[in-house]
Each structure stands twice: as C-alpha cells, then as structure tokens.
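The structure appears below as structure tokens.
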Amino acid sequence: MVHSIFITPIFCIFDTLLLGGQEEHKKMKIGNQNYQSIWIDENDKAIVKVIDQQKLPFFFEIKDLRSVDDVFNAIDDMTVRGAPLIGATGAFGIYLATLEINSQTNIREHLSNAARYLISCRPTAVNLSWAVSYVMEKLKKHDSPASLIKSALDAALEICEIEKENCRQIGKHGLKLIESLSEKKKGAPVNILTHCNAGWLACIDFGTVTAPIYLAHDKGIPVHVWVDETRPRNQGAKLTAYELGQNGIPYTLITDNSGGHLMQQKQVDIVIVGSDRTTRTGDVANKIGTYLKALAAFDNSIPFYCALPSSSIDFNISDGFKEIVIEERNPEEVTNVSGFADGKIQTVRICPEDTTAANYGFDITPARLITGLITEKGICRATEKDIKEMFSDKFN
Ligand code: MRU
C-alpha cells in the first residue's frame, strides 16, 4: 500500500558530526526528516515501512508491508534491494510471520516454511539467509505467540542496528584510503569509481561504499565519483546518482563500458564496490559488470576495494565460482529500459521484438584482483589468512 508520495526534487542531507576528531555520521534525511530505508510504523507495529526503490528518483513513495507475501514480493520485484537491506527486510518477514500465527497454526512448520520461502527469493546475497537465520535462531527459545512476536521484532530491529553500525565503521576505515589518496594528490579531487548502488538505500543507513565518501566530503576532502549506470536496472543512474546529488557530492554518470577508458586516462584513483556474497577466501560476488571493472583496474594498477559488512561474508564457502549461485532475472529487464517521460515512469523496448536475452544479476571477482576488503573491523587483504585474522570467531 502506498502511504505517501512526494514528487522530486527531494532534498537529502547527510550530516556528519565531528566529535573530538572522531567522525560520526548522522542519519540520512529527506527534506527535514530522518530516514532509514526500512522501519516499523510507530502507530501500528504490524506494519513494516520501506521506500519504494523502483520509483526513485522520479517519485518518493513509502510502501507498507503487512505479510510474509508482501515481504517476498518487495524483495522479488526490487522495491527493496541491496544486500544488507534485503537481509533486514527478510528478518522483518519472519516477524510478520509470527503475527500470522493463530490457534490452528503448527508454529514450527509455519515459521520454517516462511524462512525457506523468504530465503528462496533472491539467491546471491548471503545477507538474506544470514538475517532470516539470525531471527529464526532467536525464536528457538520461545513457544508462546506473544513471546515469539516480541523476540522476532527485537531481532529484526537488532539486525538494522548491526548493519547501521557496520556501515559507520566501514565509513571510518574507508575514509583513511581516501585521505591518503588526497594527500598524494595534494588536495586535487580524489576520483572514485563505483558500480551499482551500495549506498544508504541499499544498507538501512549510511551505505557501505558511500559511507567513506560522505565522511570525506564532510571533512572537506574534494571527491568526485564516476557512477556506472549499471544496466539492466540502472541502480547507478537511478539510485547512486540520486543519493550523491542530494548530498552535494560531485559525480558524473557514465555508461558501464567507460571505466576501462577512464582508468587508462588516469581519471580513476580508486574503485570501491559493494558485495552480495564474499567467500572466506575473498572472492566477491557483486552486481554484474563488477568483474570487468576489477580486470581493468588490475591492468592499470588502480586500487580496487570491496566495502562489505561481515554479514555479506559466507564463511562456509571457499570457491566463489563453484559455490555462489548467480541470480538470473527476467530477460525483459534487458530487452526493455524504463525511465521518466511525460510525468510518469515508462518502459520501452530497445531491441527487435522476440529477441532472446539473458539477464545475469551478479558476477564473481576473484580475490587475486582485489586490493582489499573494507569491513567494519578494518581493511584486510582478500585472502583466507587475513579474513580469518579479522573474523577468527566466524571460522570453524
Ligand atoms: O540487485 P541489487 O540492486 O540488489 O544489487 C545490489 C548490489 O549489487 C550492491 O552492490 C550490493 O548489494 C552491495 S549493497 C551494499
């Protein structure tokens, strides 16, 4: 259900407090109001509210999710997207499942069916199964509907707080990379290339890739972002451009094929992308096209970093190529393009009718092409040894 609509332009301010030399993010704002990309309706706790990312940047609409099916559909049609956000949405899905319990319900069967159903929705981002399993684990200790409901809500809200804190820390660690490049360039703008959207919209708050950029900008370090449009759904053009623009970050939108040329021309100082699933050995699954950026960066000796919370690391797998399922989406996302015309969002075909198209959602960037991982615990090399040192508690 659509709750409210604002026509763009929307003002979005990312404030930073400088507290005793410690950089601190404040919440994202739209207009004068603080926003996260998901929250609970304060007047009716049975409603989960999300920003409809299918409509941005053209319309700002808030959707109400009231059932497990609503949550499944919102993840499936990408009303919500981005690894940490789909995880949090899945967690709230289990909370909504607890609200569906009645006197006839076989509680354990109902909850595990809901968990399986939600996890099946998008296969690549590990955050979804991590977050759903996190809530399910908490529910093991409870039997009564009231305590299941409370515990599921607490766990889903806790996941939001964990992800927000992860992004805060990623921001602080990533800032050091930008500061050091800025010093080397004697204050000339640091050119950062990114792919897809790993911003606050994808992450509840702050973003992974964007957190260091926002902090650098707010510290007065000149930055400029090359934004890959990110076909087929154009999350770069629609969402990253929107976020950066609203926060006053200089950016230039480029086609997905421009990165290599810009790197050859020394127009890129660093590439920072997100991750949907990272193996314990450092292979990274991210939005389709990421691998080609890594290859070009490697060939041009440009640092290539992946910014990711530990909720995006799958500590059980070692081989990204063999063990990560790559989501294949509707080919119509490739044969068609949607944009804004005549006051509404319109979709047009860009190829002959009946064209056969393939739509791979993600690709794998092998660890050897990655300079480092920016995590909430610090920056490490993309190797099993370094990941293990940083997250020893997660290794068997
Ligand atoms: O298909 P999407 O829009 O969910 O893909 C998003 C990405 O690939 C992001 O780069 C990734 O989720 C990292 S989010 C911090």
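Atoms within each ligand, like the ligands themselves, are counted from 1 in listed order. Note that the structure is a prediction, hence the values are computed from the model and not measured. FYI, the numbering just counts along the sequence from 1.
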Legend entry - salt_bridge(Arg329, Glu333) N-O dist < 4.0 Å: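 Yes, Arg329 and Glu333 are salt-bridged.
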Legend entry - Cationic N near anionic O, under 4.0 Å, Asp283 to Arg368: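 The answer is no: the pair does not qualify as a salt bridge.
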Legend entry - N/O donor-acceptor pair under 3.5 Å between Ser258 side chain and Ile254 backbone: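 Answer holds: no.
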For [atom], closest protein heavy-atom neighbour:
atom                    : value
atom 5 (O) of ligand 1  : Lys287 CE, 3.3 Å
atom 8 (O) of ligand 1  : Asp276 OD1, 3.0 Å
atom 10 (O) of ligand 1 : Asn286 OD1, 2.8 Å

Quick one: does ligand 1 sit under 4.0 Å from the side chain of [X], the backbone, both or neither, non-hydrogen atoms only?
X      : answer
Met78  : side chain
Cys203 : side chain
Ile86  : neither
Ala198 : both

[X]: numbered ligand 1 atoms lying under 4.0 Å from its heavy atoms:
X      : answer
Ala83  : 12 (O), 14 (S)
Cys196 : 5 (O), 6 (C), 7 (C), 8 (O), 10 (O)
Thr208 : 15 (C)
Gln235 : 1 (O), 2 (P), 3 (O)

Legend entry - Interatomic spacing from CD1 in Ile94 to OG in Ser151 - rounded to 0.5 Å: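 Here the rounded value is 11.5 Å.
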Inset, instruction - Determine whether Tyr117 and Asp69 make a side-chain contact, defined as any pair of heavy atoms from C-beta on separated by less than 4.5 Å. - result: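 Sidechains of Asp69 and Tyr117: in contact.
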Legend entry - Any Pro84 heavy atom less than 4.0 Å to ligand 1: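 Per 4.0 Å heavy-atom rule, Pro84 contacts ligand 1.
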Inset, instruction - Determine, using heavy atoms of Asn197 and all atoms of ligand 1, whether some pair is separated by less than 4.0 Å. - result: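 In this structure, Asn197 qualifies as a contact of ligand 1 - some heavy atom is under 4.0 Å.
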Inset, instruction - Going by heavy-atom distance to atom 2 (P) of ligand 1, choose the closest among Arg233, His195, Arg122, Arg277. - result: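 That would be Arg122.
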Inset, instruction - Kindly identify the option in Ser275, Gly82, Ala202 whose heavy atom sits closest to atom 13 (C) of ligand 1. - result: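 Heavy atom nearest to atom 13 (C) of ligand 1 belongs to Ser275.
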Legend entry - Single hit among Gln235, Lys287, His195 for side chain to side chain donor-acceptor pair (under 3.5 Å) with Asp228: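 By the side chain to side chain donor-acceptor pair (under 3.5 Å) criterion, Asp228 pairs with just one of Gln235, Lys287, His195: His195.
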Legend entry - Within 6.0 Å of NZ in Lys377, more than 12 heavy atoms from elsewhere: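 Correct, the count exceeds 12.
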